[in-house]
Visitor: 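Here's a structure for you.
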Amino acid sequence: MILTDTHTHLYSEAFDDDRDNVITNALENGVKRFFIPAIDSSYTAAMLSLEKAYPENIFLMMGLHPTHVKENYKAELSHVSNMLSKRKFYAIGEIGIDLYWEKSFLKQQQDAFRQQIQLAKKYHLPIVIHCRDAFDEVFEVLEDEKGADLHGIFHCFTGDINQAKQAISYNMKLGIGGVVTFKNGKIDTFLNQIDVKHIVLETDSPYLAPVPFRGKRNESSYLINVLHKLASLYHINVEELAQITTENSKEVFGI
Ligand SMILES: [Zn+2]
């Protein structure tokens with residue numbers, strides 16, 4: 001069984017004490033492919049050294065996270081495009097709009113999102129979208145930018161069934177993680193009405209640990225808990241679901 005964690009912040013400070021153990025533990029549980037979203041330039045060196053340590057398993061993205069879009073966002077976007085011009089990345093992410101933490105930079109977040117979508121098109125890369133309290137704003141941008149040259153993942157999808165269908169209509173897969181195991185997570189009530197070909201797995205570790213680890217530090221080996229919950233929703237066995245979702249991730253990332 002080969003599982004793909006399509007969204008994990010393994011370079012986070014939360015793993016500084018035991019990163020190798022966390023990765024070994026994940027590998028032993030079948031989680032062999034880790035896609036690593038960027039946040040801002042302060043993490044780039046840590047991402048590169050992670051890739052150097054596990055070149056077979058680690059696949060890096062490049063991008064500016066919406067909650068890190070501040071006064072200096074233009075310099076951060078230059079860093080993103082500079083890195084993209086230098087070497088291979090597997091997606092532009094994570095990018096999008098977040099109005100939960102901060103509303104005052106909405107204009108800048110929208111601008112950064114649009115500019116990074118242009119980079120994705122230029123480099124023929126998928127996008128990985130972060131959307132929190134901002135479905136209307138994200139969909140407005142996607143409506144303008146949609147087309148055969150845009151695809152990717154709606155990371156940590158937590159919307160309703162109509163929002164799921166709308167995201168899929170923009171060539172986005174739904175990134176499903178710990179929230180599907182939560183009692184009040186809601187997405188478990190309709191996901192089986194969405195064709196499994198649109199689903200990829202993720203942890204978003206160190207955040208959003210699935211039940212029974214909810215509230216603790218999340219890690220990629222807990223992808224198993226997400227897999228089991230989804231398998232029961234779809235009435236598919238876990239090996240088959242692992243294979244389907246890994247295939248879906250290959251379709252997105254091209255590897
Ligand atoms: Zn993330």
Side-chain angles (χ1 to χ4, degrees), residues 3-16 19 22-23 26 31 33-44 46-48 50-51 57-70 73 76 79-80 83 89-102 105 109 112-113 116-117 120 125-135 137-138 152-159 167 172-182 185 187 199-210 213-223 225-226 245 249 252-253:
L3 283 166
T4 303
D5 189 347
T6 60
H7 198 109
T8 170
H9 298 273
L10 267 170
Y11 53 85
S12 157
E13 300 88 344
F15 299 113
D16 279 354
R19 184 170 291 105
V22 165
I23 294 173
V31 186
R33 292 156 41 84
F34 308 92
F35 287 85
I36 312 292
I39 291 179
D40 67 18
S41 62
S42 70
Y43 290 100
T44 303
M47 290 171 67
L48 294 173
L50 185 63
E51 179 194 57
N57 310 94
I58 294 283
F59 305 95
L60 302 183
M61 310 180 199
M62 183 43 58
L64 177 61
H65 192 295
T67 62
H68 288 242
V69 171
K70 307 280 174 195
Y73 82 103
E76 283 289 331
H79 173 75
V80 170
M83 290 303 295
F89 290 92
Y90 291 90
I92 307 293
E94 50 188 296
I95 64 174
I97 300 175
D98 187 316
L99 299 178
Y100 177 81
W101 294 107
E102 176 90 76
F105 287 101
Q109 287 192 35
F113 188 28
Q116 292 183 95
I117 288 174
L125 291 172
I127 60 172
V128 171
I129 299 173
H130 171 109
C131 170
R132 192 159 184 201
D133 287 359
F135 271 106
E137 291 79 2
V138 165
I153 294 174
F154 220 96
H155 140 67
C156 190
F157 182 82
T158 50
M172 298 297 147
K173 305 235 185 268
L174 308 181
I176 303 298
V179 173
V180 76
T181 70
F182 295 176
I187 55 172
I199 305 292
V200 292
L201 305 184
E202 64 170 57
T203 56
D204 200 16
S205 66
Y207 314 106
L208 291 170
F213 306 106
R214 189 173 181 180
K216 303 210 170 88
R217 184 187 71 171
N218 196 4
E219 31 182 286
S220 286
S221 63
Y222 301 166
L223 203 63
N225 300 77
V226 175
T245 51
S249 77
V252 173
F253 294 112

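Reckoned from all heavy atoms, side chains included, excluding hydrogens, waters and symmetry mates. Read the numbers this way: they start at 1 and go in the same order the structure lists the ligands and their atoms.
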Visitor: Do we see a donor-acceptor contact under 3.5 Å between the side chains of Asp5 and Thr203?
Guide: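 Yes, because at least one side-chain N or O of Asp5 sits under 3.5 Å from a partner of the opposite role on Thr203.
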
Visitor: Restricting to N/O/S, name the atom of His9 that gets closest to the Zn ion (ligand 1).
Guide: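 Looking only at N, O and S atoms of His9, the one nearest the Zn ion (ligand 1) is named NE2.
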
Visitor: How wide is the angle at the Zn ion (ligand 1) between OE2 in Glu94 and OD1 in Asp204, to the nearest 10°?
Guide: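 OE2 of Glu94 and OD1 of Asp204 make an angle of 180° at the Zn ion (ligand 1), to the nearest 10°.
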
Visitor: For Phe35 together with Phe253, are the ring centres under 6.0 Å from each other?
Guide: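 For Phe253 and Phe35, the ring centres are under 6.0 Å apart.
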
Visitor: Any donor-acceptor pair under 3.5 Å linking the side-chain atoms of Glu202 with those of His155?
Guide: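 Present: a donor and an acceptor within the cut-off.
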
Visitor: Taking N, O or S atoms only and a limit of 2.8 Å, check whether Cys156 reaches the Zn ion (ligand 1).
Guide: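 Looking at Cys156, which is the residue asked about, there is no N, O or S atom under 2.8 Å from the Zn ion (ligand 1).
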
Visitor: Any N/O/S of His130 under 2.8 Å from the Zn ion (ligand 1)?
Guide: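 Of the N, O and S atoms in His130, none lies under 2.8 Å from the Zn ion (ligand 1), which means no.
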
Visitor: Ring centres under 6.0 Å, that's the criterion: do Phe34 and Tyr11 meet it?
Guide: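 No, the ring centres sit 6.0 Å or more apart.
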
